[in-house]
Peer 1: 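For reference, the structure I am asking about is given below.
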Amino acid sequence: MRRFTVYDTLSRETRLFVPLVPPKVGLFVCGLTPYDDAHIGHGRIGVVFDSVARALTRWGYRPFYVQNVTNIDDRLIARGAESGTNPLVLADRHFLAWTLAMRELGVTSVNYYPHATDFIPEIVHQIQSLVERGFAYPASGSVYYEVAKFDRYGRLSGQKVEELRPGSRADVEPGKRAPEDFVLWKAARPGEPSWDSPWGPGRPGWHIEDTAITVRLFGPRYDIHGGGLDLKFPHHEAEIAQAEAATGEAPLVNFWMHAGLVSIAGEKMSKSLGNSVLLQDGIGTFGPMAVRFYYLNAHYRSPLDFVGGKSLEEAKVAYERLAGPFDRISEILARDGLERSGRDLPPDAARAASSCVEKLDEAMATDFNTREAIALLFGWSKAMADWIPHVESLSGSALAALGAPYRWGHEVLGLFRTDDSLPGGELLGRVVAVALEARARARARGDFAEADRIRDALGLAGLAIEDEGDRSRWHARAGNPE
RNA sequence: GCCGAGGUGGCAGAAUGGUUAAUGCGACGGACUGCAGAUCCGUUUCCUGGGGGUUCGAUUCCCUCCCUCGGCUCCA
């Protein structure tokens with residue numbers, strides 16, 4: 001297991017990671033409330049922690065990555081009422097869209113997406129423990145957490161309870177003993193989905209599902225908790241208060257990882273502010289790899305400002321350039337296989353490749369510095385410029401050696417996918433070859449008007465044609481004209 | 001008001017108590033090309049919010065001020 005460091009938000013320092021039970025790593029990331037389509041900001045969380053889990057796996061750890069789904073809450077109920085849809089159905093629908101987007105983005109590391117409503121017994125049980133231990137009190141069918149009873153409350157966020165501004169953004173609910181108390185169980189109002197409990201029909205409060213799930217899946221303590229910076233207070237603070245009070249064990253989490261938010265025009269991207277750009281639109285317009293690259297091109301803790309279409313356009317251009325040499329290598333290897341004969345690599349080039357991979361691991365092992373890793377990959381692509389002109393003369397194993405840093409990028413960053421083949425696959429390739437053959441003949445006899453006509457026609461069909469000497473290569477232009 | 005995260009070139013965005021502060025985008029010039037495209041080479045020597053301090057040396061550590069964003073019980 002490789003040693004690596006992580007910045008822990010609770011201790012406010014970058015520390016050496018030590019798993020509780022090596023090589024296992026319990027990784028919980030605050031998931032989504034699928035009441036609406038996901039936007040670019042949500043996607044960042046998905047991709048960032050996917051790369052974390054990928055790195056852990058590469059380094060010999062065995063992460064168990066759980067991302068919860070809050071499929072019942074106020075907004076879902078409100079949206080459901082607006083459209084006459086059962087909120088649980090609404091949640092399923094948006095969750096399905098989320099998983100499809102994640103698949104496109106290459107998010108492969110999540111092991112389990114527990115839904116809040118599948119953990120009602122665990123939730124009720126945890127609330128009961130809190131009541132029995134004197135940390136929570138029932139009031140008219142609801143149950144509240146009494147913040148004053150938990151003296152570590154505020155440690156994660158640095159807040160002092162007496163400095164909070166109660167009700168600054170939401171109304172203080174009646175029935176609480178103190179404004180900072182938060183709801184664990186919400187009494188059902190007529191027509192709302194509800195579950196039975198010792199306090200009457202109701203549903204879970206916002207924070208309780210996470211700790212009910214993690215205590216069940218990981219036990220009272222686990223390794224890493226991730227989420228957006230905006231969840232630090234109150235949500236993560238509440239998680240600590242709930243779990244540590246309910247189980248009597250601490251700390252709940254050894255490493256808190258908070259990802260920076262995506263802003264747009266300087267403001268947080270948020271559904272409620274109405275400034276969000278939909279994740280699926282970004283993926284559809286610029287392609288999933290451009291979106292993934294965009295996220296990983298900044299350190300996960302940094303704020304990231306989304307500038308209209310420009311950010312993703314820029315990411316797409318940069319990514320495609322980065323992937324250029326990789327595409328050439330994989331093209332040849334796909335055609336001829338690893339056994340293809342040819343020149344071998346001089347030892348210093350082979351050493352450079354493996355040293356590049358080592359540096360990549362080092363960058364990632366320093367608080368998951370994906371930006372540094374990408375800079376290294378650009379350096380490698382630049383070094384590849386010496387090889388690209390005679391890449392056709394290299395042996396399969398030489399090509400594989402040159403491809404090692406890209407394979408790292410694929411494994412850890414989830415970039416350099418080769419499965420972006422067009423619908424039509426091989427058949428399309430054969431048809432395009434016929435057109436390119438006709439064009440090659442036109443060029444050979446100097447009929448450039450005809451050659452350009454064919455190139456333009458293929459261009460309209462969505463294919464880019466690039467000449468290299470008398471050979472032509474083609475690829476689908478991103479953006480998929482249809 | 002309190003808490004937190006930030007402020008780096010035209011833009012995006014890293015890093016570090018010490019030779020020219022990554023990398024990418026953009027721009028400009030050139031090579032290659034029938035023309036493009038892609039690619040390559042070169043240039044973009046004057047970029048670390050302001051002011052103090054510690055130090056031989058600060059963008060980095062300390063103090064202070066300014067600004068932006070986030071949170072203060074809906075939020076990734």
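Every chain is numbered from 1 and lettered A, B, ... according to where its sequence line falls, protein lines coming before strand lines.
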Peer 1: Reckon A/G41 touches a base, only the sugar-phosphate, or nothing at all at heavy-atom distances under 4.0 Å?
Peer 2: base
Peer 1: Whole angstroms only, please: what is the NE2-C1' distance between A/H39 and B/A76?
Peer 2: 7 Å
Peer 1: At under 4.0 Å between heavy atoms, what does A/F378 touch on the DNA or RNA strands: base, sugar-phosphate, or nothing?
Peer 2: sugar-phosphate
Peer 1: Base, sugar-phosphate, or nothing for A/K232, non-hydrogen atoms under 4.0 angstrom?
Peer 2: sugar-phosphate
Peer 1: Find which nucleotide of RNA chain B each of A/S157 and A/H207 is nearest to by heavy atoms, and output the residue with the more 5' nucleotide.
Peer 2: A/S157
Peer 1: Does A/N369 have a side-chain nitrogen or oxygen under 4.0 Å from the phosphate oxygens OP1 or OP2 of B/A15?
Peer 2: yes
Peer 1: Taking only the C1' atom of each, what is the distance from B/G17 to B/C25 in whole angstrom?
Peer 2: 31 Å
Peer 1: Once hydrogens and angles are ignored, does a donor-acceptor distance under 3.5 Å link the base of B/U23 to the side chain of A/Y319?
Peer 2: no
Peer 1: Looking at the rings of A/H115 and A/F95, which for Trp means the six-membered one, are their centres under 6.0 Å apart?
Peer 2: yes
Peer 1: Start at the 5' end of RNA chain B and walk down; is the nucleotide closest to A/Q159 or to A/G227 reached first?
Peer 2: A/Q159
Peer 1: What's the CZ-P distance between A/R473 and B/U33, to the nearest Å?
Peer 2: 18 Å
Peer 1: Anything under 30° is parallel, anything over 60° is perpendicular, the rest tilted; go ahead and classify A/Y319 against A/F293.
Peer 2: tilted
Peer 1: Taking only the side-chain nitrogens and oxygens of A/R445, find out if one of them lies under 4.0 Å from OP1 or OP2 of B/G34.
Peer 2: no
Peer 1: Starting the side chain at C-beta, find the nucleotide from B/A14, B/G34, B/A76 nearest to A/E372.
Peer 2: B/A14
Peer 1: Between atom CH2 in A/W98 and atom C1' in B/A76, what is the gap in whole Å?
Peer 2: 8 Å
Peer 1: Specify the separation, in whole Å, of atom CG of A/L10 and atom P of B/A5.
Peer 2: 12 Å
Peer 1: On the ring face of A/F448, is A/R443 found with NZ or CZ under 6.0 Å from the centre and within 45° of the axis?
Peer 2: no
Peer 1: Contact class for A/G43 (heavy atom, under 4.0 Å): base, sugar-phosphate, or nothing?
Peer 2: nothing
Peer 1: Rounded to whole angstroms, how far apart are CG on A/D210 and C1' on B/A76?
Peer 2: 12 Å
Peer 1: Counting side-chain heavy atoms from CB outward, which of B/C25, B/G70, B/A15 is closest to A/H299?
Peer 2: B/A15
Peer 1: Look at the side chain of A/R371 and decide which nucleotide, out of B/G13, B/G6, B/A76, has an atom nearest to it.
Peer 2: B/G13
Peer 1: Short question: side chain of A/R75, backbone of A/D36 - any donor-acceptor pair under 3.5 Å?
Peer 2: no
Peer 1: With C1' as the reference atom in both, quote the distance from B/G13 to B/C47 in angstrom, rounded to an integer.
Peer 2: 13 Å
Peer 1: Can you find a donor-acceptor N/O pair under 3.5 angstrom joining the side chain of A/D467 to the base of B/C35?
Peer 2: yes
Peer 1: Taking the minimum atom-to-atom distance to the side chain of A/R75, which one of B/A76, B/G70, B/G71 wins?
Peer 2: B/A76
Peer 1: Given a 3.5 Å cut-off on both pairing distances, which stems involving RNA chain B, each at least three consecutive Watson-Crick or G-U pairs, are present, if any?
Peer 2: B:1-7 with B:66-72, B:10-12 with B:23-25, B:26-31 with B:39-44, B:49-53 with B:61-65
Peer 1: With sugar-phosphate meaning primed atoms plus P, OP1 and OP2, does A/R155 contact a base, only sugar-phosphate, or nothing at under 4.0 Å between heavy atoms?
Peer 2: nothing
Peer 1: Counting only side-chain heavy atoms from C-beta out, which of B/U23, B/A76, B/C72 sits nearest to A/A375?
Peer 2: B/U23
Peer 1: Do A/Y65 and A/Y112 have side-chain heavy atoms sitting under 4.5 Å apart?
Peer 2: no
Peer 1: Quick test of your reading of the model: are A/D452 and A/R455 salt-bridged, counting only N-O distances below 4.0 Å?
Peer 2: yes
Peer 1: At under 4.0 Å between heavy atoms, what does A/Y295 touch on the DNA or RNA strands: base, sugar-phosphate, or nothing?
Peer 2: nothing
Peer 1: Quick one: is B/A14 close enough that its OP1 or OP2 comes under 4.0 Å of any side-chain N or O from A/S302?
Peer 2: yes
Peer 1: Are a donor atom and an acceptor atom from the side chains of A/T85 and A/R79 found within less than 3.5 Å of each other?
Peer 2: no
Peer 1: Rounded to whole Å, please give me the gap between CZ in A/R152 and P in B/C3.
Peer 2: 22 Å
Peer 1: Using a 4.0 Å heavy-atom cut-off across all strands, classify A/V262 as base, sugar-phosphate, or nothing.
Peer 2: base
Peer 1: On the nucleotide B/G71, are OP1 or OP2 found under 4.0 Å from the side-chain N or O atoms that A/K268 carries?
Peer 2: yes
Peer 1: Using atom C1' in both nucleotides, what's the gap between B/U59 and B/G9 to the nearest angstrom?
Peer 2: 14 Å
Peer 1: Tabulate atom names and distances for all N/O pairs under 3.5 angstrom spanning the protein and nucleotides 16-21 of chain B.
Peer 2:
none

Peer 1: Please measure how far the P atom in B/C67 lies from the corresponding atom in B/U23, and state the result in whole Å.
Peer 2: 35 Å
Peer 1: Residues in ring-ring contact (aromatic ring centres under 6.0 Å, His included) with A/H42, at least two apart?
Peer 2: A/H39
Peer 1: With P as the reference atom in both, quote the distance from B/U54 to B/G70 in angstrom, rounded to an integer.
Peer 2: 38 Å
Peer 1: When we call it a touch if two heavy atoms are under 4.0 Å apart, what does A/R79 touch: a base, just sugar-phosphate, or nothing?
Peer 2: nothing
Peer 1: In whole Å, what is the span from the CD atom of A/E320 to the C1' atom of B/U39?
Peer 2: 14 Å
Peer 1: Between A/T117 and A/N71, is there a side-chain donor-acceptor contact under 3.5 Å, judged purely by atom types and distance?
Peer 2: yes
Peer 1: Base of B/G24, side chain of A/E314 - is there a donor-acceptor contact under 3.5 Å?
Peer 2: yes
Peer 1: Does B/A36 have its OP1 or OP2 closer than 4.0 Å to a side-chain nitrogen or oxygen of A/R455?
Peer 2: no
Peer 1: Using the C1' atom as the reference point in each nucleotide, state the distance between B/G30 and B/U48 in Å, no decimals.
Peer 2: 33 Å
Peer 1: Salt bridge check: are A/E392 and A/R335 linked by an N-O gap of less than 4.0 Å?
Peer 2: yes
Peer 1: Stacking between B/G71 and A/F233, yes or no? Criterion: centroid separation under 5.5 angstrom, plane angle under 30 degrees.
Peer 2: no
Peer 1: Starting at NZ of A/K160 and ending at C1' of B/G1, how long is that distance when rounded to a whole Å?
Peer 2: 12 Å
Peer 1: Is the terminal nitrogen or CZ of A/R177 (NZ for Lys, CZ for Arg) located under 6.0 angstrom from the six-membered ring centre of A/Y144 and within 45° of that ring's axis?
Peer 2: no
Peer 1: Choosing from B/G37, B/G71, B/G24, which nucleotide comes nearest the side chain of A/A318?
Peer 2: B/G24
Peer 1: Report yes if a donor N or O on one partner sits less than 3.5 Å from an acceptor N or O on the other, where the partners are the side chain of A/D452 and the base of B/G34; otherwise report no.
Peer 2: yes
Peer 1: Between B/G18 and B/U55, how many Å separate the two C1' atoms, rounded to a whole number?
Peer 2: 12 Å
Peer 1: Do the side chain of A/N369 and the main chain of A/T366 share a donor and acceptor less than 3.5 angstrom apart?
Peer 2: no
Peer 1: Which part of the nucleic acid does A/H258 contact within heavy-atom distance under 4.0 Å: base, sugar-phosphate only, or nothing?
Peer 2: nothing
Peer 1: Any base atoms under 4.0 Å from A/R321, or only sugar-phosphate, or nothing? Heavy atoms, all strands.
Peer 2: sugar-phosphate
Peer 1: Between A/F306 and A/S263, is there a side-chain heavy-atom distance shorter than 4.5 Å?
Peer 2: no
Peer 1: Within the 4.0 Å heavy-atom criterion, would you say A/T33 contacts the bases, only the backbone, or no part of the nucleic acid?
Peer 2: sugar-phosphate
Peer 1: Regarding A/R301 and the six-membered ring of A/Y7, is the cationic atom NZ or CZ under 6.0 Å from the ring centre and inside 45° of its axis?
Peer 2: yes
Peer 1: For A/I388, report the nucleic acid contact type (base, sugar-phosphate, nothing); a contact means any heavy atom under 4.0 Å.
Peer 2: nothing
